[in-house]
Amino acid sequence: MFPTFARNSRRYLSKLPDKLSTLAKFNFPLATNTIKAVTENIDEFINKKQKVTLNGHIHKKSRIRPTLSFGFLRDCDGEEVQFIANDATESRIIDTMKSLTVEESVSVTGYVQAKQLKEGESKGWELVLNDIQVLNSSNIDAPRLEKLKQTRPEDLPPQFRYLQLRTAFYQNSLRTRSRIAQLVRNVLTDEHNFVEIETPLLFKSTPEGAREFLVPTRSPKQFYALPQSPQQYKQILMSSGFTRYFQIAKCFRDEDLRSDRQPEFTQVDLEMSYVNSSDQVMQVVEDIVLEVWEKIKQINMYTVNEDGELVKVEDAAKRVRLSKLDYLTALQKYGIDKPDLRSNISFNSLEKFFTAVEDLAFPIVEACVLKGAFDPKSKASKPPKAFTSELNYSRRRPFVFMIRSEEDAENWYELLLQKHFMKSNNGADLQRMHQLLNLLPGDILAVSSRSELPYENPTPLGKFRQLAITEFPGKWQRPIRSANGLIEIYNGDKTIVGSWVVDFPLFNPVETSDNINDPYPKYDKNKFESTHHPFTMCKSEDYDLLETDPLKVRGEHYDLVINGVEVGGGSRRIHDATLQQYIFEEILHVNNYEQLFGHLLKALSMGCPPHAGLALGFDRLCAMVVGTSSIKDVIAFPKNQSGSDRVVESPTAVDEKTLNEYFITTKTDS
Ligand code: ASP
């Protein structure tokens, strides 16, 4: 257990704290420099023996020695520097140094001198103290947590988030986030003439997909809801004469918290009117992400060309735009709608040769081959655990084979026939199947089944592909085609590969599986729900299908996928109130749509222009730029897996009197 605020350090005060020592904490010199600024001009500071004041926290406990005492200060960038006291230093300074505790905030003044370098150091400096002032002490928890702070600050107990945030990693994360926000604002306002408009956080309860957070009011049975996204307000803004709106918006979804989800998160939300194709929105968004990578990270962004190679995305006139991948192709080739396109692992359909019979609704047999995944001469007989662990698959797992010999390459499927997972198709030319797979000793083969309906996403093989990319970093990468036509090898970690995924089905059948882990999901094909939200327009070519076969209708929706992460999504919207009404009434069967969405229908019917937009997941984008897999690392005060903020200990119970004011009675158990 980690200590919480130490009880014995809590005092009940009856007297005003001592005037002199308290007021002294408010009177101190401002910093003249940051550690970073001194380091950048170190020669000048050393030559001039320049006097500087630095403000920050005590990073490590001071060492007091008869001839040379030293301590470490960490400042606002998370940078550290040593300060020293020598024979000539006043004794009051040494006394203060003796009493220092880690994480106290201090102001130190002194002159910069070159440091005696340790092995491996090329340059360094230290501050010879002229003065030191403690601006505030830290409590007893600070030294107790010291070891963790020095080794893995991310493991500091979450209630001490502020101690984590003081370290270089988090300082850099949140500063990067701030720079990205600034850059997004500049691109949208200066280059594209967008207007930043805030929309209300106290919104109304409307079913837009996720579960909402309700906000009680002091009127009986009346609730606000926190917005899942500013979707409806931004569409109403399009009817308000603003042709280009954006907002860095807080959104709230009361969903089960998976590792990369937060109940409140941030979107770069934008909408444009008088646009006649999705392309106009895509161009603006490409400008944003391209600038983020180029200006914040100084790295290029790539996309996939028709030959399956990576090409650099460029801006302005000669622009190479992000490629577009349609949803069905994404599912067929990669088994997921957000494929990591840095890798060229794809699937082979074995449809012509075998039919899966375990569940007749999932007849398509597919294979994924990882070429040269292991040394066949080695003793390895089992595939990496990640490929077969149930925990890594939400439904069924694929069959995974290690091809250790020519024989394995010839016979692998016999086991699946014996297990009655699949049957050979009549007249299937298995020799052709062998040619297609071209299996060799050292390959890993995964085989699974898929439905013709494109709703299982990811498929088991899609999940396997993701696991393979993580398990074998840097393997099976796509080649880069450079401007001079040469093929380059690249560093997988530093390569950013983006693509649009388009042509999603506008509706999904409602899932009826009894259990979310049923190996084969089941659907009611007569009940539909929107794949994204009910305001998305269909593709013109599919208009008539709205009446005859809604599941075949494709939407004008587009997702931005970068390195296998869905960074954003948006669509052209329905701006025709009658069509929107038809979708609510005839397809989604929302009986009380007037009550829920009447405000939007009214705004649409008041000459609302055609419009389209998108929202970028700002936390995810920042996490990618910072190079972390968790959005918590780019959020100052994230919630934990149970939705609690451990710094302030929210949520909390509320007293009866307050509940009464809100006409709320609570049950103790559910
Ligand atoms: N409001 C949508 C979302 O939150 C994004 C959009 O369609 O603009 O996913």
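Just so you know, these numbers come straight off a predicted model, no measurement behind them. Both counts, for ligands and for their atoms, begin at 1 and track the order of listing. The residues of the chain are indexed from 1 along the displayed sequence.
- Listed by chain and number, the residues in a side chain to side chain contact (heavy atoms under 4.5 Å, CB included) with Asn300 are Tyr302, Lys312 (sequence neighbours excluded).
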For residues 576-586, tabulate all N or O donor-acceptor pairs below 3.5 Å that involve a side-chain atom, not counting sequence neighbours.
from   : atom 1 : to     : atom 2 : distance (Å)
Asp576 : OD1    : Thr578 : N      : 2.9
Asp576 : OD1    : Leu579 : N      : 2.8
Gln580 : NE2    : Pro534 : O      : 3.0
Gln581 : NE2    : Tyr593 : OH     : 3.3
Glu585 : OE1    : Tyr593 : OH     : 2.5

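- A donor and an acceptor atom, one from each side chain of Gln477 and Ser343, are nowhere located under 3.5 Å apart.
- In this structure a side-chain-to-backbone donor-acceptor pair under 3.5 Å is present from Asn640 to Gly643.
- Here Phe347 and Tyr334 keep their ring centres 6.0 angstrom or further from each other.
- Scanning for side chain to side chain contact (heavy atoms under 4.5 Å, CB included) contacts around Ser513 gives Arg395, Glu511, Asp518, Pro521, Lys522, with sequence neighbours left out.
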Which pairs of nitrogen or oxygen atoms, taken one from ligand 1 and one from the protein, are under 3.5 angstrom apart?
from     : atom 1 : to     : atom 2 : distance (Å)
ligand 1 : 1 (N)  : Ser229 : OG     : 3.0
ligand 1 : 1 (N)  : Gln231 : OE1    : 2.7
ligand 1 : 4 (O)  : Arg253 : NH2    : 3.0
ligand 1 : 4 (O)  : Gln267 : NE2    : 2.9
ligand 1 : 7 (O)  : Gln231 : OE1    : 3.3
ligand 1 : 7 (O)  : His533 : NE2    : 2.9
ligand 1 : 7 (O)  : Arg573 : NH1    : 2.8
ligand 1 : 7 (O)  : Arg573 : NH2    : 3.4
ligand 1 : 8 (O)  : Gln231 : OE1    : 3.4
ligand 1 : 8 (O)  : Lys234 : NZ     : 2.7
ligand 1 : 8 (O)  : Arg573 : NH2    : 2.8

